[in-house]
Colleague: 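This is the structure, below, for whatever I ask next.
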Amino acid sequence: MATQADHSVSHGAVKAQGGRRRWSLSVRMLTAIVVALVFLIPVFWMLLTSVSADGDIFTFPPKLWPAWDWSNYARAWNASPWMKYFSNTVLIAGCVVALTLATSLLAGFAFAVMRFRGRGLMFLVVMSVMMVPQTVLLIPNFIIAQQLGWYDTYLIQIIPWGASVFGIFLLRQFFVTLPRELFEAAELDGASPLRMLFSVAAPLAAPSLVLVGLNSFMGSWNSFVWPYIMTKSDSVRPIEVGLQAFYGTEGTDWTGLCAAVTFTTLPIIVLFLFLQKYFVTGAYGTQGSVRG
Amino acid sequence: MSQHAFSRRNFMHAAAATSVMAAAAAALTACGGGSSAASTSSQSVPADSNEPATIVFMEAMSSGAQKEALAKMTADFMAKYPNIKVDLQEQPDYGTLQTKINAQAAAGTPPTIAQVYGNWADEFAKSEVIVPLDAYVAKSDDYKNFYDGIKADLKLSDGKTWMWPFNKSVVVQYYNSTMVPEAPKTWDDFAAAAKKASTNGVVALAIDPGSSSGPAGGTAMFEILAQANGDAVFADDGTPQFTKDGVVKALDYLVDLKKAGALVLGTKYPGQVALGGGTGAFDISSVASYPFNLKAVGGKFTMGVAGLPSGPKGTANQLAGTNIALFAKATDAEKAAAWKYMQFLTSPEQMAYWVSMTGYLPVSKTTLDVQTFKDYAAKNAFVLEATKQLDNAKSLPSKSWVNQASGSLAQALTDAVNGTSSSKDALSKAQDAATKAMKAAS
């Protein structure tokens, strides 16, 4: 009897636990679907608008079956030298990412691991840069760019963005969590600071580096004001500048803009899909890599 | 397009422009002294020569028909004058244009000519970055044919002519003729029509007041309403007078529309969006919005266009759009070439083409005789009515603080319409802020 009762109690408990799990899973799935919809609807709307007729884009309720006006894409494609803009953007973003990774790694390591006079103060000075609004510096920066002969070049779009306070901060915060024994052991083996950085610290920081790289890439890809002010020629301008061709002083060519945004956003979406695992790990998983 | 139009655009351009103003002013003052050439050459028009010259025109006609039209007119000019090359440097909006001109002027490399608003020109003139054009206009055959409002708009408070007209417009009413069969003639009629049309999910009027850093078209409408009540929001010398009866009444008018469900505040051309989507009955905006509004409506109904209704003190309107300024750093050959180009743009034939392409208004009376304009006006009768207003429409005073002061009005409009403050209190607060801005600028 007792065994039967135990069994039935245990069976009931398992059943209840299974029910709770299913319920919990359903709630999580539902939440995930809602959150996904929140992010996907604007993308869907953009795609819909990109093939809509002009008169349909403001109708409410919106037309879910568009006019399939593919001429919007042709018009958008002809509005700007996209291939040139695209190659410029890839070049600029690539260089900015490489420089940012290098400077973040070096500075983050120095501030976290190396001992030198004024380290804390220097770190504070670097951090304080975050508090200065970039717009205030625009005109002085423009004058400097002119004096350096960098106006309307790739250099002005790369060099000033080759160091990121966010990147330095993130890497520094990661490196301070690493056990000092790691570096002491390396030192005993005769490793120089650079060797310690590249052979010990950097491999452990891979997820953080991916996060810094992606952040830097997206910042560079989406950069608008800086290139617009610092350049004048299509030959050196990035993709975001081209999108301005659809904004007017009295209105916006929404269908053309959405078509252009679709084909200029695709590369960054594809990149994110390939790297999303690292992105998430980099953002939330730094503790795990320390334990490893 | 209004002086406020830039702030209706995406993003922080307006904020950026505002943020750099202080730095720009200082930098401009610093570079202003370098215009000894300016003070001499401004007294006379450089002799015409066939010397090759390249001029840089910094402008914001960066999209659609405006870009296409300006590019064609420039190509035609270069074909006519093969020794002159015009480099069009387009900026995406007026905020960026202002920032870029400020930056280049501060760096000592301004463009040859640029689109400017009066309040920008005021700063540039004080810093001797641009040259007065009195000697130039004295030699111009076209100048005498300009509308009186246009001529007045080219001057600054010192009485000198500092600018040459380019893309000028006034505000008109666009309406859904299915919802509103006939354009209201008075603002009282307008309110009645708006309230009547606001049923079944329709909110008759949507406006964008803008923000404290960048007032937009909704604030321009409010300023026009106040003027139609007999009280301009700024005195001629730019002194804010936001607490005058006419101004308070104008804001009460908008609050009343909101309470009746006939007004909604929005951003990014909300009137155009609502009119095009069939959820709004009116759009009060620039005459140059016509091509965009037509596109938004897309033939779903007949869009009516008419002049603004009149108020107790008659019809009021705001002259909007930019002029062109000539920069002092240019060489004599560049100045001569730029002057030729500026005159070419306002020649009746070119202006007629510009109007027919963009919806902007002709700046000279002789343009009305050109067949291209006649054909355009035959299809768009409203343009004649709007053009008549060029003799009387006034732009906001050309003072550096005016944009910031209008920003205070935008904030007052938002607060009162959203019910967080009474019209009087909101305007009193705006008056204090605007007076502070004026004192700081002075």
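Proteins get letters first, then strands, A, B, ... in listed order; numbering begins at 1 in each. Predicted model, so just to flag it, every value in this text is computed and none were measured.
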Colleague: Given heavy-atom pairs under 4.5 angstrom as the criterion, report whether the side chain, backbone, both or neither of A/Ser80 touches chain B.
Modeller: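 The answer is neither part of A/Ser80.
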
Colleague: If you round to the nearest 0.5 Å, how far is CZ of A/Phe142 from CD of B/Gln104?
Modeller: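 B/Gln104 atom CD to A/Phe142 atom CZ measures 4.0 Å (nearest 0.5 Å).
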
Colleague: Determine whether more than 12 heavy atoms belonging to other residues, nucleotides or ligands lie under 6.0 Å from atom CE of A/Met122.
Modeller: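 Open.
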
Colleague: Which value, rounded to the nearest 0.5 Å, describes the distance between B/Gln272 atom CD and A/Trp254 atom CH2?
Modeller: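 B/Gln272 atom CD to A/Trp254 atom CH2 measures 9.5 Å (nearest 0.5 Å).
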
Colleague: Which region of A/Phe246, side chain (C-beta onward) or backbone (N, CA, C, O), has a non-hydrogen atom less than 4.5 Å from a non-hydrogen atom of chain B, or is it both or neither?
Modeller: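 For A/Phe246, the backbone is the part near chain B, not the side chain.
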
Colleague: Kindly give the heavy-atom pair with the smallest separation between A/Tyr247 and B/Ser62, and that separation in Å.
Modeller: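 Closest heavy-atom pair between A/Tyr247 and B/Ser62: O-OG, 3.8 Å.
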
Colleague: Could you tell me whether A/Phe169 atom CZ has more than 12 heavy atoms of other residues or ligands within 6.0 Å of it?
Modeller: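 Incorrect, the count does not exceed 12.
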
Colleague: Mind running side-chain contact (heavy atoms from CB on, under 4.5 Å) on B/Tyr269 and A/Thr252 for me, showing each step along the way?
Modeller: CA-CA 9 Å; B/Tyr269 320 106; A/Thr252 300; 3.7 Å; yes

Colleague: Where along residues 146-163 of chain A does a heavy atom come under 4.5 Å of chain B, listed by residue number?
Modeller: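 From residues 146-163 of chain A, the residues near chain B are A/Gln146, A/Tyr151.
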
Colleague: Relative to chain A, which segment of B/Val273 carries a heavy atom at a distance below 4.5 Å: side chain, backbone, both, or neither?
Modeller: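 Both backbone and side chain.
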
Colleague: Indicate the atoms forming the closest heavy-atom contact of B/Lys100 with A/Thr231, along with that distance.
Modeller: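 Nearest pair, atom of B/Lys100 first, then A/Thr231: NZ-O, 2.7 Å.
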
Colleague: Non-hydrogen atoms of chain B under 4.5 Å away: do they reach the side chain of A/Ile229, the backbone, both or neither?
Modeller: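 Both parts, backbone and side chain.
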
Colleague: What is the minimum heavy-atom distance between B/Glu90 and A/Arg237, and which atoms define it?
Modeller: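 For B/Glu90 and A/Arg237, the tightest heavy-atom pair comes out as O-NH1, 4.4 Å.
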
Colleague: Taking atom CH2 of A/Trp77 as the centre, report whether more than 12 heavy atoms of other residues, nucleotides or ligands fall under 6.0 Å from it.
Modeller: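 Buried by this count: over 12 neighbours within 6.0 Å.
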
Colleague: Identify which part of B/Gln66 has an atom lying under 4.5 Å from any heavy atom of chain A, answering side chain, backbone, both or neither.
Modeller: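 The side chain, not the backbone.
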
Colleague: At a heavy-atom separation under 4.5 Å, does B/Lys300 approach chain A through its side chain, its backbone, both, or neither?
Modeller: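 Interface part for B/Lys300: side chain.
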
Colleague: Taking all non-hydrogen atoms of both residues, which atom of B/Ser63 and which atom of A/Gln244 are closest, and how far apart?
Modeller: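 Smallest interatomic distance, heavy atoms only, reads CB-O, 4.4 Å.
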
